[in-house]
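The next block holds one structure in the form of structure tokens; read it before the comments.
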Amino acid sequence: MEYTQTELRVMALFSSIGAVFSWLVGGIDAPLQYFLLLMTADYLTGMVAAWKTGALSSSKAFDGIKRKVIILAVVVLANTIDQAGSLGHALRGAVLVTYAIMEGMSIIENIDRMGYREYIPQFLRNKLAQIRSEKGVKI
């Protein structure tokens with residue numbers, strides 16, 4: 001198969017971006033893959049929830065993307081500290097687990113906002129109600 005110069009340049013660009021991203025986050029291993037999956041699921045469920053509730057907004061969607069970029073920047077920072085201190089992936093792993101838990105909670109909140117409350121176990125719905133009341137969000 002032969003590629004045009006434009007195709008080769010685009011492939012080289014995306015390969016370079018992927019290599020730099022992989023190096024910055026400490027490699028594309030299973031923990032990072034699952035974390036990226038959770039981030040994507042959170043964003044998509046948030047979009048669906050906003051659409052179902054009539055709150056879909058391009059500015060809020062862009063804010064969501066900015067938050068995801070900041071989270072990835074924290075992962076990069078944790079990896080940098082790990083590498084500087086020869087810590088393996090200790091700090092990076094802790095950051096990934098912490099953010100993965102937050103992403104999971106957000107996915108559950110989005111499912112609740114979509115109107116599928118009956119599929120969420122009661123103890124989680126109670127926690128969601130508690131979080132909402134602490135945040136001052138009306139149910």
Side-chain angles (χ1 to χ4, degrees):
M1 174 177 250
E2 291 189 35
Y3 296 103
T4 66
Q5 286 297 316
T6 302
E7 290 172 325
L8 290 172
R9 286 185 183 120
V10 169
M11 288 189 288
L13 174 68
F14 281 100
S15 295
S16 299
I17 291 170
V20 169
F21 176 76
S22 176
W23 177 73
L24 286 172
V25 297
I28 308 295
D29 54 358
L32 186 72
Q33 288 175 7
Y34 288 115
F35 178 66
L36 292 173
L37 179 68
L38 285 171
M39 284 182 74
T40 304
D42 177 40
Y43 188 78
L44 293 175
T45 58
M47 294 289 284
V48 172
W51 178 68
K52 285 192 133 205
T53 60
L56 192 59
S57 160
S58 60
S59 65
K60 285 185 181 181
F62 187 68
D63 287 344
I65 291 173
K66 287 191 294 189
R67 279 193 295 276
K68 302 298 182 198
V69 169
I70 291 168
I71 289 170
L72 287 173
V74 173
V75 172
V76 169
L77 176 63
N79 180 61
T80 303
I81 294 169
D82 279 343
Q83 297 306 312
S86 298
L87 302 173
H89 284 304
L91 187 56
R92 173 188 180 257
V95 166
L96 285 175
V97 168
T98 302
Y99 279 125
I101 291 168
M102 291 172 53
E103 294 291 333
M105 287 174 36
S106 181
I107 291 168
I108 292 169
E109 288 175 341
N110 292 337
I111 291 169
D112 184 52
R113 285 182 30 224
M114 281 186 237
Y116 299 114
R117 290 177 182 87
E118 65 272 10
Y119 298 107
I120 301 171
Q122 186 61 44
F123 75 96
L124 287 177
R125 286 191 300 193
N126 293 342
K127 288 296 177 188
L128 285 175
Q130 179 183 351
I131 291 169
R132 283 191 187 117
S133 69
E134 289 173 3
K135 287 182 177 180
V137 176
K138 303 239 185 224
I139 299 175

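- Inter-residue side-chain proximity for Q122 and K127 is flagged as unmet; no heavy-atom pair is nearer than 4.5 Å.
- Listed here is the closest heavy atom pair of N79 and W23: ND2-O, 3.6 Å.
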Check against side chain to side chain contact (heavy atoms under 4.5 Å, CB included), M39 and L72: CA-CA 10 Å; M39 284 182 74; L72 287 173; 4.1 Å; yes

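- R125 and I120 get closest at one heavy-atom pair: NE-O, 3.6 Å.
- Taking the charged nitrogens against the carboxylate oxygens, K60 and D63 have no contact shorter than 4.0 Å, which rules out a salt bridge.
- Under a hydrophobic-cluster definition in which Ile, Leu, Val, Met, Phe, Trp and Tyr are linked whenever side-chain heavy atoms come within less than 4.5 Å, directly or via other members, V48 and Y43 are assigned to different clusters.
- A distance of 13.5 Å separates CD1 of I17 from OG of S22, quoted to the nearest 0.5 Å.
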Can you give the donor-acceptor pairs under 3.5 Å from side chains of residues 91-106 to other protein atoms, not counting sequence neighbours?
from: R92; atom 1: NE; to: V25; atom 2: O; distance (Å): 2.5
from: R92; atom 1: NH1; to: D29; atom 2: OD2; distance (Å): 3.1
from: R92; atom 1: NH2; to: V25; atom 2: O; distance (Å): 3.3
from: R92; atom 1: NH2; to: G27; atom 2: O; distance (Å): 3.0
from: R92; atom 1: NH2; to: D29; atom 2: OD1; distance (Å): 2.8
from: T98; atom 1: OG1; to: A94; atom 2: O; distance (Å): 2.8
from: E103; atom 1: OE1; to: K68; atom 2: NZ; distance (Å): 2.8
from: E103; atom 1: OE2; to: K68; atom 2: NZ; distance (Å): 3.1
from: S106; atom 1: OG; to: D42; atom 2: OD1; distance (Å): 2.6
from: S106; atom 1: OG; to: D42; atom 2: OD2; distance (Å): 3.4

CA sep, side-chain torsions, deciding dist, call: H89, Q83, side chain to side chain contact (heavy atoms under 4.5 Å, CB included): CA-CA 8 Å; H89 284 304; Q83 297 306 312; 4.2 Å; yes

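- The main-chain N or O of V76 is found under 3.5 Å from a side-chain atom of T80 such that the two form a donor-acceptor pair.
- Clustering ILVMFWY residues whenever any of their side-chain heavy atoms sit less than 4.5 angstrom apart, transitively, puts F35 in the very cluster that holds V74.
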Should T6 and T4 be marked as a side-chain hydrogen bond (donor to acceptor under 3.5 Å, both in side chains) after you check the CA-CA gap, both sets of side-chain angles, and the distance that decides it? CA-CA 5 Å; T6 302; T4 66; 4.6 Å; no

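- Tracing side-chain contacts under 4.5 Å through hydrophobic residues (I, L, V, M, F, W, Y), one never reaches I70 starting from L77; they form parts of separate clusters.
- F123 and Y116 fall within a single hydrophobic cluster, where Ile, Leu, Val, Met, Phe, Trp and Tyr side chains are chained together by heavy-atom contacts under 4.5 Å.
- Although no hydrogens or angles enter the test, the distance criterion places no donor-acceptor pair under 3.5 Å between the side chain of N110 and the main chain of A49.
- Side-chain contact check for K52 versus R113: every heavy-atom pair is 4.5 Å or farther apart.
- Annotation for A41 and I107: closest pair CB-CD1, 3.8 Å, computed over non-hydrogen atoms.
- For the pair D112/I108, no side-chain contact is recorded, criterion being any heavy-atom separation below 4.5 Å from C-beta on.
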Should L38 and Y34 be marked as a side chain to side chain contact (heavy atoms under 4.5 Å, CB included) after you check the CA-CA gap, both sets of side-chain angles, and the distance that decides it? CA-CA 6 Å; L38 285 171; Y34 288 115; 5.6 Å; no

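- With a 6.0 Å radius and a threshold of 12 heavy atoms from other residues, nucleotides or ligands, E118 has its CD atom above the threshold.
- Residues V75 and F21 fall within the same hydrophobic cluster, defined by Ile, Leu, Val, Met, Phe, Trp and Tyr side chains chained together at heavy-atom separations under 4.5 Å.
- Taking each heavy atom of M47 and A61 in turn, the nearest pair found is SD-CB, 3.8 Å.
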